S.K.: 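Submitted below is the structure of interest, expressed as structure tokens.
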Amino acid sequence: MDAIELLTQQHREVDELFEKFEKLGEGSTEKMMDLFARIADNLAAHATIEEKIFYPSVYVGPTADKLQEAVEEHLSVKRVIADLLDLEPSDVQFKAKMKVLQELVEHHVEEEEKDLFKSVKKLMTKDELALMGEQLEVMFSELIQTEPRMQVPRETDEAAPLA
């Protein structure tokens, strides 16, 4: 699977997890926590493979500005995940923060899929995208087994504070 197909598939998987979360009723705090963990792990691992492999590989010409914005969007997503890690599903803010997280992710996905991925397809050959897809898949498979959401607070602490 090429890099863009893999990243797009991961976007769909997170969308489905958010849909499951929205359908949960009150009183299902264990299921809420489980779905949050799955969403946060998927987002953390996805952001890492984009930041470590995908973005550096396509940081040229017209994509550079788009990538700067994408990294900032990742940081916003990570800050909300870090907040959620400090909350319980029973907290009043939990569902609201999950909705904000979903909206941030939806915006980011839309921009990547409508703009960035189209630019990348013009920059790279099918073979290059296929090779990168393999690299992304290997790293994601390794990361997803390590509860990557637990690294998010450290990553947001290391980033410049919001002014």
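Every value quoted in this text rests on a predicted model; they were computed, and no experiment measured them.
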S.K.: Does R38 pair with E16 as a salt bridge, N-O distance under 4.0 Å?
M.R.: no

S.K.: When P89 is tested against each of M98, M33, E30 for side chain to side chain contact (heavy atoms under 4.5 Å, CB included), which residue passes?
M.R.: M33

S.K.: Side-chain contact, heavy-atom cut-off 4.5 Å: Q10 with V14?
M.R.: no

S.K.: Does some side-chain heavy atom of F54 sit less than 4.5 Å from a side-chain heavy atom of I49?
M.R.: no

S.K.: Can you list the steps and then say if Q102 with E106 is a side chain to side chain donor-acceptor pair (under 3.5 Å)?
M.R.: CA-CA 6 Å; Q102 181 178 3; E106 286 172 353; 3.1 Å; yes

S.K.: Taking only residues two or more places apart in sequence or in another chain, which ones pass side chain to side chain donor-acceptor pair (under 3.5 Å) with E88?
M.R.: none

S.K.: Identify, with sequence neighbours excluded, every residue that meets salt bridge (charged side-chain N to carboxylate O under 4.0 Å, His left out) alongside E22.
M.R.: K99

S.K.: Restricting to side chain to side chain donor-acceptor pair (under 3.5 Å), what partner residues turn up for N42, sequence neighbours left out?
M.R.: none

S.K.: Say whether L87 and L17 are linked into one hydrophobic cluster, either directly or through other cluster members, by side-chain heavy-atom distances under 4.5 angstrom.
M.R.: yes

S.K.: Do you know which two heavy atoms are closest between Y59 and A64, and how far apart they sit?
M.R.: CE1-O, 3.7 Å

S.K.: Does the side chain of K95 reach to within under 4.5 Å of the side chain of M32, using non-hydrogen atoms?
M.R.: yes

S.K.: Going by the rule side chain to side chain donor-acceptor pair (under 3.5 Å), which residues pair with Q9 if we only count those two or more places apart in sequence or in a different chain?
M.R.: E13

S.K.: Kindly compute the distance separating CG (L136) from OG (S57), expressed to the nearest 0.5 Å.
M.R.: 8.0 Å

S.K.: Under the side-chain hydrogen bond (donor to acceptor under 3.5 Å, both in side chains) test against Q151, which residue among E147, R154, E155 passes?
M.R.: R154

S.K.: Counting C-beta onward and ignoring hydrogens, is there a side-chain heavy-atom pair between V105 and I39 closer than 4.5 Å?
M.R.: no

S.K.: Any chance you could measure K78, atom NZ, to L104, atom CG, to the nearest 0.5 Å?
M.R.: 13.5 Å

S.K.: Hey, quick one: are M1 and L131 part of the same hydrophobic cluster, counting side-chain heavy atoms closer than 4.5 Å, chains of contacts allowed?
M.R.: no

S.K.: The criterion is salt bridge (charged side-chain N to carboxylate O under 4.0 Å, His left out); which residues satisfy it with K52, sequence neighbours excluded?
M.R.: none

S.K.: May I have all residue pairs that pass ring pair (Phe, Tyr, Trp, His ring centres under 6.0 Å) and include part of residues 29-49, sequence neighbours excluded?
M.R.: H11-H46, F36-F94

S.K.: Taking the side chain as everything from C-beta on, heavy atoms only, tell me whether E111 gets closer than 4.5 Å to E73.
M.R.: yes

S.K.: May I have all residue pairs that pass side-chain hydrogen bond (donor to acceptor under 3.5 Å, both in side chains) and include part of residues 115-124, sequence neighbours excluded?
M.R.: K66-S119

S.K.: Following the transitive rule for hydrophobic clusters with a side-chain heavy-atom cut-off under 4.5 Å over Ile, Leu, Val, Met, Phe, Trp and Tyr, establish whether V109 and V71 coincide in one cluster.
M.R.: no

S.K.: Test of understanding: with side chain to side chain donor-acceptor pair (under 3.5 Å), list the residues that count as partners of E69, not counting sequence neighbours.
M.R.: none

S.K.: Working to the nearest 0.5 Å, report the span between CG of D83 and NZ of K97.
M.R.: 4.0 Å

S.K.: How many angstroms lie between OH in Y55 and CD in E112, if you round to the nearest 0.5 Å?
M.R.: 4.0 Å

S.K.: Can you see which heavy atom on T29 is nearest to which on S90, and at what distance?
M.R.: CG2-N, 4.2 Å

S.K.: Taking the side chain from D91 and the backbone from Q93, do they hold a donor-acceptor pair closer than 3.5 Å?
M.R.: no

S.K.: Taking all heavy atoms of F117 and all of L7, pick out the closest pair and write down the distance.
M.R.: CZ-CB, 3.8 Å

S.K.: For D41, enumerate each residue passing the salt bridge (charged side-chain N to carboxylate O under 4.0 Å, His left out) test, keeping only those at least two apart in sequence or located in another chain.
M.R.: R149

S.K.: If I compare all heavy atoms of A82 with all of V152, which pair ends up nearest, and what's the gap?
M.R.: N-CG1, 4.0 Å

S.K.: Using side-chain contact (heavy atoms from CB on, under 4.5 Å), reason through R12 and T8 one step at a time and then give a plain yes or no.
M.R.: CA-CA 6 Å; R12 296 296 87 73; T8 301; 3.3 Å; yes

S.K.: Nearest 0.5 angstrom please: S76 OG to I81 CD1, how far?
M.R.: 11.0 Å

S.K.: Can you give me the closest heavy-atom contact between P56 and I53, atom names plus distance?
M.R.: CD-O, 3.5 Å

S.K.: Which atom pair, heavy atoms only, marks the closest approach of L123 to V58?
M.R.: CD1-O, 4.2 Å

S.K.: Extract all donor-acceptor atom pairs below 3.5 Å that involve side chains of residues 137-145 and protein atoms in other chains or at least two apart in sequence.
M.R.:
unit_1 : atom_1 : unit_2 : atom_2 : d
S141   : OG     : E137   : O      : 3.0
Q145   : NE2    : S141   : O      : 3.0

S.K.: Just so I know, are the side chains of T48 and P148 near enough to count as touching, which here means a heavy-atom distance under 4.5 Å?
M.R.: no

S.K.: Using the test salt bridge (charged side-chain N to carboxylate O under 4.0 Å, His left out), find all partners of D34 that sit at least two apart in sequence or belong to another chain.
M.R.: none

S.K.: For residues 97-116, which residue pairs qualify under ring pair (Phe, Tyr, Trp, His ring centres under 6.0 Å), counting only residues two or more places apart or in two chains?
M.R.: H74-H108

